[in-house]
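Data block below; observations after.
Side-chain atoms are counted along with the backbone in the values below, which use heavy atoms only and exclude waters and symmetry mates. Count residues from 1 along the sequence.
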Amino acid sequence: MNDKMFYRRLRNIGIFTLALLMIIVVRLAVVQIFQSDMYQIKAKENRVRLVPIKAPRGEIVMRDGEVLAGNELVYTINMVCTDIPDDDRDEIIRKLVDLISPYDPELTVDAVNKMIKAQSYKLYDPIVVARDLPWECVVKVEEKRDVLPGISTGVEPFRIYYNGSLAGHALGYINAINQEELENTEDNYTISSLIGKAGVEKSYEKELRGQDGARRIEVDSKGSKVGELVTKEPLAGNNIYLTLDYKLQLVMESSMQTLVKGLQDNIPKAQVASAVLINVKTGEVLGMASYPNLNPDDFKGNMSPDKANYYFPQTKEYDPLDPGAATNRAIQVSYPPGSAFKPITGMAAIEYGDVSPTQDYVFCAGKYWMAPFIKCTAEHGAVNYYGGMAQSCNTYFQEIGRRATKSNIIKVAEDFGLGKRTGIDLPYETEGLLPTPEWKKELGTILIEQKYEALRKNIDLKYDPLIAAASSEEEKAEIVKDKEKDHKNLETQYKFDYSFATEWQQYDTYNMAIGQGSNYYSVLQLANYVSTLANGGHCYKPHIVQKIVSTDGRIMKAVSPELVRDVDVSDSTLQITKDAMLGVTEHGGTAASIFEGFPISVCAKTGTAETGRAEDDQENEFHGVFVAFAPYDDPEIAFASIVEYGQHGSTSAAIICRAVFEQYFGVVDHYSEAKQVLESNKTPKQIESALKREQNSKTDVVED
């Protein structure tokens, strides 16, 4: 290589190097001058984190000021997935679970991975791995922070239920939002959010949840906090004031629990009961109870298998011996009302059937004289409306039901709200069932078609192989003839059964008249129908929330009585029926022994209802039903209760009613004893939280 070529190459290398330097200089100039702001922001974002601040849920308070649900500050363990090296994630999660599991045994590696998967679209948001942990656990996690990148501890407000299971079904509970809920909500929730899942907590989720705040904090390269920048304070949710009366609710639940446990000595199946108490002039629900109890605290974290089975039994079919405690049986389950339905039949007969309550007597010889010859509770002899109601005579009410006609009984029942949702401000209310000819035809058609479709297939399965295996045409023809004959006989039977199963029969009227057959209503529907009867025919929409109040004391909403309709039954018929129901609690009435000596006049109706469950002994197993209102001359409250397998209403559900009425009218103070039991059953944490809240309330008063 000569010198000339060498210098030429050296010059080219110099030019290339200079050009490269010029490009770098230009790029640096662009970055420094034109893109300086953008890169400063990016750098700042790498050292600034947005930490959400959970808003306290609004309190849930009873009408007399007793706080059922409040908040307390608890320690949390949080995870930011984007701060965890992908290669080390499994190991870090395992270490974290090992630290927390002694304090939260239900937390597993799988559970944490499910949380991460559910928030895969937003991994930079913190995930709350565990809540309500003791200080010792927090200390252990903090000590291991160097080997747990992306893991931090925090504090947030957490739901506390100061009275345990009191009004648990009405209150409902909160739990972690699931993936489906997260996808279907337009609100600003994350996978770490806790939302109302049942009861008032669910119905009033938007009012209770509040608005989360946020903190902008500066962190170092390891993610540790080095400074505080800006904080947006959270806005607490609104407070919900219930219509429930603390003393009445406590007495209702206490008497119900005592009754059910007492019945189990002789009736093992008697494990379930529910009751509702309504203000007849406003539709306010003063008491609502369902047993077995529901403790909302059980749902706040991971639930043990035993508790899960208690609330949600792992059985495919309903098992009365294994009732799920999560169900609010006052509004979510329908029952046959039994004789508690008889006032409906009576009003239909007097209003439309030209039945005189005093002049028209029916002779009872122990059973009705028309097929299917339904039995009565006794041989009552000649009874009129007042005697028939007081003694709960099946024969009498079947006969006046026949005179009233099915159409008029259905009309009155619909007018009083039976077989339709009341519209109460609680979720999952059942519709119940008021049987009608249209309903029977629709259901009967489905059932008959299913039955006979299977029978037709059975004939084909029987003969088709024989036809295929026939050794001659003569044998084959004979088998085909037998098959056609069986099909023809089946179709003849089908026509008969179809007519019987789909057309309203006279016995359907007899059954409906005494509250049996296919009548199924919720306890709330029964209470509301009796309330409507008591107040003179004004059907109000039941409600459990009285008002919604902001944290600064402003009334955001006051719930006023809502009149749904006035029933199309005359005042005279209503009054006659009230008079007849008064006889139920007087001498000779089916509830006389329960209300003997009671200073307030009570109108009532007992019920001994066939369960309608195929597996039960229909001759010996019954639900106890009781409805009542008082005082007779100026009604204030209406009550309904059902005790599953309680046998007679007068010896089961009526006992609960007596205790509640005694408390309401100041006849006997059951509250003091029930309160002692409630306090003795509180957990140490509930007691501690209640004391803290009381101290904080006193401090607030002093500061004001």
Side-chain angles (χ1 to χ4, degrees), residues 62-64 167 170 241-253 255-256 275-289 330 340 343 416-417 422 424 523-547 558-564 566-567 569 571 574-586 589 591 594-595 597-606 626-641 653-671:
M62 300 190 98
R63 67 185 303 125
D64 45 10
Y241 283 77
L242 305 181
T243 60
L244 298 178
D245 182 281
Y246 180 65
K247 291 184 178 180
L248 295 176
Q249 181 71 29
L250 185 55
V251 170
M252 179 183 286
E253 292 192 22
S255 60
M256 182 179 293
V276 173
L277 184 72
I278 291 181
N279 181 329
V280 305
K281 298 179 181 180
T282 63
E284 292 177 312
V285 177
L286 303 178
M288 176 183 288
F416 279 82
T422 66
I424 189 171
V523 174
L524 176 63
Q525 287 176 345
L526 294 179
N528 205 41
Y529 120 64
V530 175
S531 174
T532 303
L533 170 59
N535 67 28
H538 311 299
C539 183
Y540 289 103
K541 180 179 177 180
H543 61 278
I544 201 165
V545 168
Q546 186 183 58
K547 59 183 177 180
V559 181
S560 302
E562 182 179 338
L563 180 65
V564 178
D566 289 326
V567 299
V569 175
D571 291 342
L574 292 171
Q575 188 58 51
I576 289 168
T577 301
K578 290 181 189 178
D579 294 341
M581 292 176 71
L582 179 62
V584 173
T585 62
E586 295 181 332
I594 292 295
F595 285 94
F598 198 72
I600 308 296
S601 296
V602 176
C603 301
K605 187 69 198 78
T606 56
F626 193 75
V627 297
F629 63 87
Y632 158 75
D633 52 353
D634 184 17
E636 297 176 17
I637 53 174
F639 173 91
S641 176
I655 296 173
I656 303 171
C657 181
R658 168 91 188 210
V660 172
F661 279 23
E662 284 176 335
Q663 186 66 46
Y664 180 88
F665 292 110
V667 177
V668 178
D669 178 26
H670 296 285
Y671 165 73

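- Evaluation of the side-chain contact (heavy atoms from CB on, under 4.5 Å) rule for Glu562 yields Lys541 as partners, not counting sequence neighbours.
- Between Met288 atom CE and Leu242 atom CG the span is 10.5 Å, to the nearest 0.5 Å.
- Applying the salt bridge (charged side-chain N to carboxylate O under 4.0 Å, His left out) test to pairs two or more places apart or on separate chains, those with a residue in residues 276-286 are Arg63-Glu284, Lys281-Asp634.
- Scanning for ring pair (Phe, Tyr, Trp, His ring centres under 6.0 Å) contacts around Phe595 gives Phe598, with sequence neighbours left out.
- The side-chain hydrogen bond (donor to acceptor under 3.5 Å, both in side chains) test applied to Tyr671 returns no partner, not counting sequence neighbours.
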Next item on the list: Test Val602 against Tyr632 for side-chain contact (heavy atoms from CB on, under 4.5 Å), laying out the working first.
Entry: CA-CA 6 Å; Val602 176; Tyr632 158 75; over 6 Å; no
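- Looking only at side-chain heavy atoms (C-beta outward), Gln575 and Asp579 come within less than 4.5 Å of each other.
- Scanning both residues, Ala659 and Val251, for their nearest heavy atoms gives O-CG1, 3.7 Å.
- Heavy-atom minimum distance, Ser531 versus Asn279: OG-O, 4.4 Å.
- For Ser255, the side-chain hydrogen bond (donor to acceptor under 3.5 Å, both in side chains) test picks out no residue, with sequence neighbours left out.
- Within the 4.5 Å cutoff, side-chain heavy atoms of Asp669 are placed close to those of Gln663.
- The distance from the NZ atom of Lys578 to the OG atom of Ser601 is 13.0 Å, given to the nearest 0.5 Å.
- Met581 is listed as a side-chain neighbour of Leu533, based on a closest heavy-atom distance under 4.5 Å.
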Note to self: One pair to check against side-chain contact (heavy atoms from CB on, under 4.5 Å): Gln525 and Thr422. What are the steps and the verdict?
What the structure shows: CA-CA 7 Å; Gln525 287 176 345; Thr422 66; 4.0 Å; yes
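- Judged as a side-chain contact (heavy atoms from CB on, under 4.5 Å), and not counting sequence neighbours, the contacts of Ala654 are Ile594, Phe626.
- In this structure, the side-chain contact (heavy atoms from CB on, under 4.5 Å) partners of Val567, at least two apart in sequence or on a different chain, are Asp415, Phe416, Thr532, Val569.
- When all heavy atoms are compared, the tightest approach of Val276 to Ala330 is CG2-CB, 3.8 Å.
- Looking at residues two or more places apart in sequence or on another chain, you find a salt bridge (Lys or Arg N to Asp or Glu O under 4.0 Å) between Glu662 and Arg658.
- Within the model, atoms OH of Tyr246 and CG of Asp64 stand 8.5 Å from one another, a figure rounded to the nearest 0.5 Å.
- Looking at heavy atoms from C-beta onward, Asp566 lies in side-chain contact with His538 at the 4.5 angstrom threshold.
- The CG atom of Asp245 lies 7.0 Å from the CE atom of Met62; values are rounded to the nearest 0.5 Å.
- What you find for Pro343 and Thr577 is that their closest heavy atoms are CB-CG2, 3.9 Å.
- Proximity of Val667 to Pro599: side-chain heavy atoms (C-beta onward) are separated by under 4.5 Å at one or more points.
- Contact record, Ala638 with Ala527: CB-O, 3.9 Å, taken as the closest heavy-atom pair.
- With values rounded to the nearest 0.5 angstrom, Tyr241 atom OH is found 9.5 Å from Gln546 atom CD.
- Each of Ile637, Ile278, Leu244 was evaluated against Leu286; a single residue qualifies, Ile637, per the side chain to side chain contact (heavy atoms under 4.5 Å, CB included) test.
- Between Phe661 and Leu277, some side-chain heavy-atom pair lies under the 4.5 Å cut-off.
- Considering only heavy atoms from C-beta on, Asn528 comes within 4.5 Å of Cys539 through its side chain.
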Next item on the list: May I have the step-by-step check of side-chain contact (heavy atoms from CB on, under 4.5 Å) for Asn535 and Tyr540, ending in yes or no?
Entry: CA-CA 10 Å; Asn535 67 28; Tyr540 289 103; 3.8 Å; yes
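- For Tyr664, the side-chain hydrogen bond (donor to acceptor under 3.5 Å, both in side chains) test picks out Glu636, with sequence neighbours left out.
- Here Ala534 pairs with Val280, Phe629, Pro635 under the side-chain contact (heavy atoms from CB on, under 4.5 Å) rule; sequence neighbours left out.
- Scanning for side-chain hydrogen bond (donor to acceptor under 3.5 Å, both in side chains) contacts around Thr243 gives an empty result, with sequence neighbours left out.
- Among all heavy-atom pairs drawn from Ala289 and Glu253, the shortest one is CB-CG, 3.8 Å.
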